[in-house]
Every structure is written in C-alpha cells, then in structure tokens.
Amino acid sequence: MKISVQREDFDCGAEIEALARGNPRVGALAAFVGSVRDVNEGAEVGRMTLEHYPGMTEKSIGAIVEQARSRWDVIDCTVIHRVGELQPTDRIVLVAVASGHRGDAFAACEFVMDYLKTRAPFWKKERTSEGERWVEARSSDDEAAERWQEVK
Amino acid sequence: MRIKLLFFASLREQLGIAGEELDLPAEVSTVGALRAHLRQRGPAWQAALAEGRLVRTALNQSMAAPSATIAAGDEVAFFPPVTGG
C-alpha cells in the first residue's frame, strides 16, 4: 500500500506498473486520475491552491484504503494526492488498485475515490476571472459516497 | 484543561488564525460545547462557527461528532466540508 501527499507531479505509468510488477496473483488493475479543469461553476479557473491537514490527511486515506481492503479483494493499492499550487491540466490525484479480478478492482477504486472526496481533509481554492474563491462541497459527492453503504 | 486548536481553509482565513493552545474551562467537555464556547469570542467567531453553518470537526485527526468528549492534550480541528480529489 502506498499513500503519498505531495507537491510534486507523479508518473501514472510508473505507479501503475509498480503495483502489479512481479505478482502473478494480480489479474486486474483499475486506476483513476483526476486533473484540474479550466472551468468550474461557470467561471474560468486560472490557478488553484490545495490545502490539507497534515497528519490527518494520510491517516484518513489509510483508513479508507483499509475499508476497501475489508470489502474487496485488494492485493495492492496506491493513492497519491497533490497539494500546493496547481494549474489547469495538472494531475491532482491518482487512485490505483490491483486485484485478482476486474469487478473488485473497479469497485475498490471508485469507493476509495468517493470516500476520499468526502472524508479526506483537502480544500481547493480557485483563482478565477472573478477573483479567489474556496470551492464549495457538492451534495452529489456526499451522495456518491453514501451509496456504498447500501451495496454489498 | 489545555488543548490544541486548529483551523483550516475558509475558516482559518475568516478567523485570521491557523491554530493556538487553549485552556478550557472544565464545563466545556465536548466538541459541540467547544464550538459554542468559541462563538462567544466575538462577531467573527459567531459568524464563522454559527450553528446553522456546515462546519466539520476532527478530534485527534479523526472526524468527530459534536458529542465527542475532549480530554487534556487533545487536538481539535474545525474546517469546512472537504473538497479534495
């Protein structure tokens, strides 16, 4: 399991590669990569700053990954989240899950992402054409996380 | 009882403070009571921690409900709903 909160960019190919390398039990690998859009809530986004709560961030992602492991066949998992100054097209987050089968890999990857969006202490501040603003939490993100309580 | 307080994102900006050490009166023993206690500090605190406002709290770096009990040496953080990912 690898969890990293970092300012630097990451190499998706190398990270995904490293998850399955040399492990014949891995039959499926699912990955999600999130990046900065240039438009949000109708305004042009020039730059963005990501703030986090050092210590709690790593701890909460660790707890989310543990939950995923208890529900699905997760052989290995990598979560990388960037903080600091970011620009449109920059990568923000990578969640990659190695499993025996695709169903578990897809589900665990989506679960980690949905929980990360509602439970890991990160906050985005955007610089738009209309000035600086903190991004508001979306209720659709809460709903996405909540639906995991009904299935399985 | 001495505790550590932390504020993040828009709350940190509104209050103009990222963190502090605080001596709590004995009757302030839960996260919810602490929030109400801090509101008495003035209009900025009143607004930032207003009852109807969505403010999340963490106790020792885990999400905590208003009923969570605070002990000496604890770290309590206040912040808006998270927006990472």
Side-chain angles (χ1 to χ4, degrees), chain A residues 5 32-37 40-41 48-64 66 79-84 86 91-95 109-126 132-142 144-145, chain B residues 2-22 30-32 34-35 38 43-85:
Chain A
V5 178
F32 172 86
V33 180
S35 49
V36 183
R37 281 189 311 269
N40 192 31
E41 307 278 335
M48 157 181 297
T49 310
L50 257 147
E51 175 176 335
H52 77 122
Y53 180 174
M56 180 174 170
T57 317
E58 294 81 356
K59 214 169 130 179
S60 59
I61 297 172
I64 293 165
E66 277 315 303
V79 179
I80 301 175
H81 202 298
R82 291 179 70 192
V83 291
L86 295 173
R91 281 178 282 268
I92 306 178
V93 62
L94 166 73
V95 174
C109 183
E110 194 170 19
F111 170 89
V112 169
M113 202 48 224
D114 284 347
Y115 268 52
L116 190 147
K117 282 203 84 95
T118 53
R119 283 159 176 74
F122 292 99
W123 302 274
K124 291 184 184 128
K125 190 180 199 180
E126 296 172 335
E132 288 203 326
R133 65 179 185 193
W134 289 96
V135 173
E136 297 267 327
R138 293 165 195 259
S139 55
S140 59
D141 287 335
D142 283 324
Chain B
R2 204 162 176 76
I3 61 158
K4 187 179 174 186
L5 266 180
L6 294 171
F7 304 97
F8 290 96
S10 53
L11 272 184
R12 171 178 51 76
E13 284 188 350
Q14 267 171 33
L15 298 170
I17 184 171
E20 63 179 300
E21 299 264 326
L22 180 67
T30 64
V31 167
L34 171 61
R35 183 169 165 180
L38 293 173
W45 294 81
Q46 186 87 260
L49 300 174
E51 227 161 324
R53 196 157 167 210
L54 270 184
V55 173
R56 304 277 190 243
T57 46
L59 179 60
N60 297 323
Q61 306 192 347
S62 291
M63 291 288 195
S67 59
T69 310
I70 306 172
D74 278 354
E75 178 175 302
V76 184
F78 291 87
F79 45 79
V82 303
T83 55

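Keep in mind that what you see is a predicted model, and the values were worked out from it rather than measured. Naming: A, B, ... by sequence-line order, numbering from 1 per chain.
A:K117 contributes no side-chain N or O that, together with a main-chain N or O of B:T83, makes up a donor-acceptor pair within less than 3.5 Å.
Taking each heavy atom of B:A58 and A:M56 in turn, the nearest pair found is CB-SD, 3.6 Å. Residues B:G85 and A:I92 share a closest heavy-atom pair of O-CD1, 3.8 Å.
Proximity to chain A at a heavy-atom threshold of 4.5 Å picks out B:E75, B:A77 from residues 70-77 of chain B, in numerical order.
Looking at residues two or more places apart in sequence or on another chain, you find a ring pair (Phe, Tyr, Trp, His ring centres under 6.0 Å) between A:F122 and A:H81.
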Solution key, residues 5-13 of chain B side-chain donor-acceptor pairs under 3.5 Å, sequence neighbours excluded:
residue : atom : partner : partner atom : Å
B:R12   : NE   : A:E51   : OE2          : 3.2
B:R12   : NH2  : A:E51   : OE1          : 2.3
B:R12   : NH2  : A:E51   : OE2          : 3.4
B:E13   : OE1  : A:K125  : NZ           : 3.4
B:E13   : OE1  : A:W134  : NE1          : 2.9
B:E13   : OE2  : A:K125  : NZ           : 2.5

Using atom types as modelled, flag every donor-acceptor pair under 3.5 Å from a side chain in residues 15-22 of chain B to any protein atom, sequence neighbours excluded.
residue : atom : partner : partner atom : Å
B:E20   : OE1  : B:R41   : NH2          : 3.0
B:E20   : OE2  : B:R41   : NH1          : 2.8
B:E20   : OE2  : B:R41   : NH2          : 3.4

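Each of A:S60, A:A120, A:A63 has some count of heavy-atom pairs under 4.5 Å with chain B, and the biggest count is that of A:A120.
Rounded to the nearest 0.5 Å, atoms OG1 (A:T118) and CE (B:M63) are 8.0 Å apart.
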